[in-house]
Amino acid sequence: MLILFFILGACMASFIMCLADRINRQISLRGFSVCDNCQHRLDCLSLMPILGWLISIGHCRYCRCSIPMSYPIFEACFGILFIVFSDQLDWLILICLCLFLSCEDLYDRRAHAAILYPVIIFELVCHWQLETVASLLAITLFCSFFIYYRRSMGSGDLPVLLILYLMVEPITFAVTILLASLSAIACCCLKKVQILPLIPFLSAAVIVSRLFVYNN
């Protein structure tokens, strides 16, 4: 059963990264996958998560163009996460959404984060409390200051923060914000840039926090 969850997770990661790439480049969602360099249609062997990359030794089988190692790494990580969260459907949905939004944010610093609002409403209805509503309003006002006045955050970061607040324990949320902030600052210093996509850092931080903070 575990191997099935691993395969499912790897396949989902492959599909989500492909979907985000096509949407970012405004390519039709219909049709078969092709090599970005030679436009040759990829066969079933090349499309296999992880194994396809290993068999072709990280290169297109037709034009020998290099394929980033990030693909099999993310597929393997997702396979492991699907095993870890195999009994938590809400978290499987969350990490899939986070991967999709992270890929979009990395591509051009824009993300269709509005897809999270139905999930936010659902979680809010299921866990309705006045304190929760007040906290969400406070987070919204705080983030709006940085989005619209300071312009130091993107509008897509807000729904990500809201859904994370609703789905994790307060200590996990606090650690997530801390880890995401510190890692983003460190990355800015190393790359010597002033602007970075925040959603990938939030996504990675909440998974790390969930695994090593909440479980302990």
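From a predicted model like this one, the values you see are computed outputs, not experimental measurements. Each residue takes its place number in the sequence, starting with 1.
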Is it the case that one hydrophobic cluster holds both [X] and [Y], taking links as side-chain heavy atoms less than 4.5 Å apart, direct or via other members?
X: Leu158; Y: Ile115; answer: yes
X: Leu137; Y: Met153; answer: yes
X: Ile67; Y: Tyr107; answer: no
X: Phe6; Y: Leu54; answer: yes
X: Leu89; Y: Leu81; answer: yes

How many angstroms lie between [atom1] in [X] and [atom2] in [Y], if you round to the nearest 0.5 Å?
X: Ile83; Y: Ile7; atom1: CD1; atom2: CD1; value: 9.5 Å
X: Ile207; Y: Ser209; atom1: CD1; atom2: OG; value: 10.0 Å
X: Cys98; Y: Ile93; atom1: SG; atom2: CD1; value: 12.0 Å

Donor-acceptor pair, side chain of [X] and main chain of [Y], under 3.5 angstrom:
X: Ser14; Y: Ala10; answer: no
X: Asp105; Y: Pro197; answer: no
X: Glu104; Y: His112; answer: yes

For [X], I'd like to know if atom [atom1] has over 12 heavy atoms of other residues, nucleotides or ligands within 6.0 Å.
X: Leu141; atom1: CG; result: yes
X: His59; atom1: NE2; result: yes
X: Phe15; atom1: CZ; result: no

Q. Considering all heavy atoms of both residues, which atom of Thr172 and which atom of Arg210 are nearest to each other, and what is their separation?
A. CG2-N, 3.9 Å
Q: Could you tell me which non-hydrogen atom of Leu202 sits nearest to which non-hydrogen atom of Ala180, and how far apart they are?
A: CD2-CB, 3.7 Å
Q. Got Leu161 and Ile177 here, is their nearest side-chain heavy-atom distance under 4.5 Å?
A. yes
**Q.** By ring pair (Phe, Tyr, Trp, His ring centres under 6.0 Å) - contacts of Phe173 (at least two apart)
**A.** Tyr165
Q. Please walk me through it: do Phe74 and Phe78 pass ring pair (Phe, Tyr, Trp, His ring centres under 6.0 Å)?
A. CA-CA 6 Å; Phe74 275 109; Phe78 243 62; 7.9 Å; no
